[in-house]
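Below you'll find the structure, written out as structure tokens, and then a few comments.
Each chain gets a letter, A, B and so on, in the order the sequences are listed, and its residues count up from 1. Computation of the quantities below employed the complete heavy-atom set of this structure, encompassing side-chain atoms and omitting hydrogens, waters and symmetry-equivalent molecules.
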Amino acid sequence: MSDPSSINGGCAVAMVGKDCIAIACDLRLGNQSLSLANNFEKVFPFGDKTFLGLTGLASDVLTLKEDFRLKHNLYKLREEREIEPETLANLVSSSLYERRFGPYFVGPIVAGLHSKTNKPFICGFDLIGCIDFAKDFIVSGTASDQLYGMCESLYEPDLEPEDLFETISQALLNAVDRDALSGWGAVVYIVTKDKVVKRVLRTRQD
Amino acid sequence: MDIILGVRLQDCTLVATSKAATRGISVLKANDDKTRILNTHNLLAYTGEAGDTVQFAEYIQANIQLYLMRENDTELSPKATALFVRNQLATSLRSRKPYQVNVLIGGYDTKTDVPALSWIDYLGTHVELPYAAHGYAAFYCSSLFDRHYRKDMDLEAGLDLLRMCVKELEMRMPIDFKGVYVKVVGKDGVRAIEL
Amino acid sequence: MTTIASEYGNENNSVPIEHRFNPYSDNGGTVLGIAGEDFAILAGDTRIVSGYNIDSRYEPKVFDVGDNIVMTANGFAADGAALIDRFKSAFKWYKFDNNNKKLTIQSAARYIQHLLYGKRFFPFYVSTLIAGLDEEGKGAVYSYDPVGSYEREQCRAGGAAASLIMPFLDNQVNFKNQFEPGSDGRVKKPLRYLSLEEVLALVRDAFTSATERHIQVGDGLEVLIVTKDGIKKVYYPLKRD
């Protein structure tokens with residue numbers, strides 16, 4: 001278990017609904033088998049309606065979170081507007097590919113609504129920035145197998161925000177309960193055109 | 001198998017480090033202090049690879065001191081200190097020879113009057129915690145901390161908690177770690193305390 | 001004919017070349033068992049793979065082993081077949097020696113533990129499942145690790161896509177993480193037995209999902225349904241890509 005992407009554990013998932021998106025993550029941060037913190041969020045806002053989820057090596061999660069915060073701020077100063085989810089996705093991709101031969105050990109996901117059209121957008125990446133554009137859902141982290149199984153069976157297109165919340169929550173909760181390195185709490189963001197709701201979920205504590 | 005523990009109390013942070021300096025099967029020293037004072041309200045405790053630890057700790061200490069001189073005696077907050085240390089370790093991780101040093105930073109924020117404790121490993125993993133430990137000590141002490149820690153504990157209660165931990169470690173650890181040095185980081189700075 | 005001296009004659013061959021035979025391989029596939037009130041099912045896909053090659057699109061791996069017990073051993077197909085053969089043979093001798101006495105599911109379960117543990121140091125590389133009815137007529141599923149550690153459960157997924165299917169089963173069969181509406185997450189949704197129709201719907205959903213995301217799963221789904229009236233076999237096609 002010296003695989004850098006599974007030392008700290010943790011996972012994230014994003015889904016598309018009807019004129020809305022949801023993005024969620026667990027809260028565990030561990031050192032191999034020892035759990036250290038139950039407040040380690042892996043989803044970060046970039047503007048009003050765009051979110052970035054980062055799983056993998058916690059050190060790189062922190063580094064990249066700050067790196068993208070810097071780049072996002074510079075973008076806002078230069079462009080005098082918020083970054084679009086598609087643009088953030090390309091920024092993430094090119095930033096990761098810069099480290100092609102000494103990569104950050106992360107599994108990023110991006111989810112958001114277009115600032116003007118409110119068109120939902122989600123995508124995922126591998127650790128060197130190859131983008132996976134998905135229409136339905138994106139999973140990432142040590143519970144990705146379990147999340148694939150849950151999402152593939154629970155997901156349906158065009159869910160309303162409340163139903164999307166239930167779907168992504170059940171997918172995440174049941175997935176992390178079958179992964180020893182994920183869990184210890186969860187956070188879900190539901191993003192609609194005029195509102196972002198953040199919910200903290202009560203989960204099993206083992 | 002060095003021991004470093006930290007507990008954040010109501011108005012100060014406690015840091016305990018084992019006194020033994022061991023190399024292989026030998027105990028070389030029984031009065032080794034594994035801490036460095038970074039500035040008046042920040043203390044760095046460290047474990048890890050023999051040569052790296054002191055080198056790294058003193059490099060950090062020097063840089064924090066330099067900041068103090070350059071910035072007209074404005075102290076770096078515990079949060080800023082921790083982020084600086086994390087950044088150094090995270091940068092070092094992708095260098096030719098990374099520092100293999102794990103640290104705890106006990107601090108006291110004089111602006112907000114809030115004590116702080118940071119857990120940082122050699123990978124650059126950083127978490128702020130109410131109580132923390134590195135290495136094997138974490139396996140023995142985490143459960144005791146989970147059970148007995150209260151966030152409104154005063155100094156005496158905190159020391160009692162540390163005494164429980166040290167008792168457990170003396171019972172379970174396979175080698176004698178020669179007891180611990182305890183440092184308190186509070187409003188008036190860092191001071192040593194007998195357990 | 002004379003041999004012409006070649007430069008190869010001087011080559012130093014004193015270092016023996018090491019060969020290592022790997023006795024195991026992975027043939028993919030996935031299996032699933034669910035117990036109901038008065039029935040139990042064992043389902044498995046019918047694909048066999050080796051590496052990226054599909055060796056067969058229809059090779060059944062869930063078997064009726066007699067006395068209303070169904071069995072599957074998924075993982076390394078040769079070991080799976082060998083294990084089931086050993087069980088069938090032992091079953092035959094059990095009937096022969098014991099005046100045709102009925103083998104109960106718990107006795108079958110314990111015996112399989114011994115078959116597996118008998119090869120503790122050269123294990124059958126399989127996840128084994130059996131299903132049937134217990135002495136009260138209630139559905140029973142037993143699941144094993146490769147060396148015979150076993151447990152009776154309401155449901156279990158095994159094989160390549162077990163990690164995809166198992167959390168789904170926790171959620172849909174044992175109602176994990178489901179709560180009574182309006183109870184603020186304090187009252188669990190009460191457990192109940194699922195009907196055969198509900199179970200078959202779940203099984204088909206589980207396998208279509210696994211087929212979608214796992215390359216070793218697909219082609220066909222064969223389900224063996226055990227009731228007091230005997231064993232029924234049903235087949236559903238799955239995606240073949």
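Distance check, rounded to the nearest 0.5 Å: NZ of C:K176 to CG of A:L173 gives 12.5 Å. Note that CG of C:N177 is 4.5 Å distant from CG of A:N174, once rounded to the nearest 0.5 Å. The structure places OG of A:S144 at 10.5 Å from CZ of C:R213, a figure rounded to the nearest 0.5 Å. Atom CD of A:E152 and atom CD1 of C:I165 lie 11.5 Å apart (nearest 0.5 Å). Annotation: the span from A:S153 atom OG to C:Q172 atom CD amounts to 7.5 Å, rounded to 0.5 Å.
The local environment of OH in A:Y97 is sparse, with at most 12 non-hydrogen atoms from other residues, nucleotides or ligands closer than 6.0 Å. Atom OH of C:Y125 has 12 or fewer neighbouring heavy atoms from other residues, nucleotides or ligands inside a 6.0 Å radius. Atom CZ of A:R69 has 12 or fewer neighbouring heavy atoms from other residues, nucleotides or ligands inside a 6.0 Å radius.
Heavy-atom pairs under 4.5 Å with chain A were tallied for C:L164, C:D170, C:T208; the largest tally goes to C:L164.
With a 4.5 Å cut-off on non-hydrogen atoms, C:R186 touches chain A through its side chain but not through its backbone. Using a 4.5 Å cut-off between heavy atoms, A:L147 does not touch chain C at all. Of the atoms belonging to A:D145, heavy atoms from both backbone and side chain fall under 4.5 Å from chain C.
The two atoms that bring C:G185 and A:R202 nearest to each other are O-NH2, 3.9 Å, heavy atoms only.
When side chains are defined from C-beta on, C:M166 does not count as touching A:Q146, because their heavy atoms never get closer than 4.5 Å.
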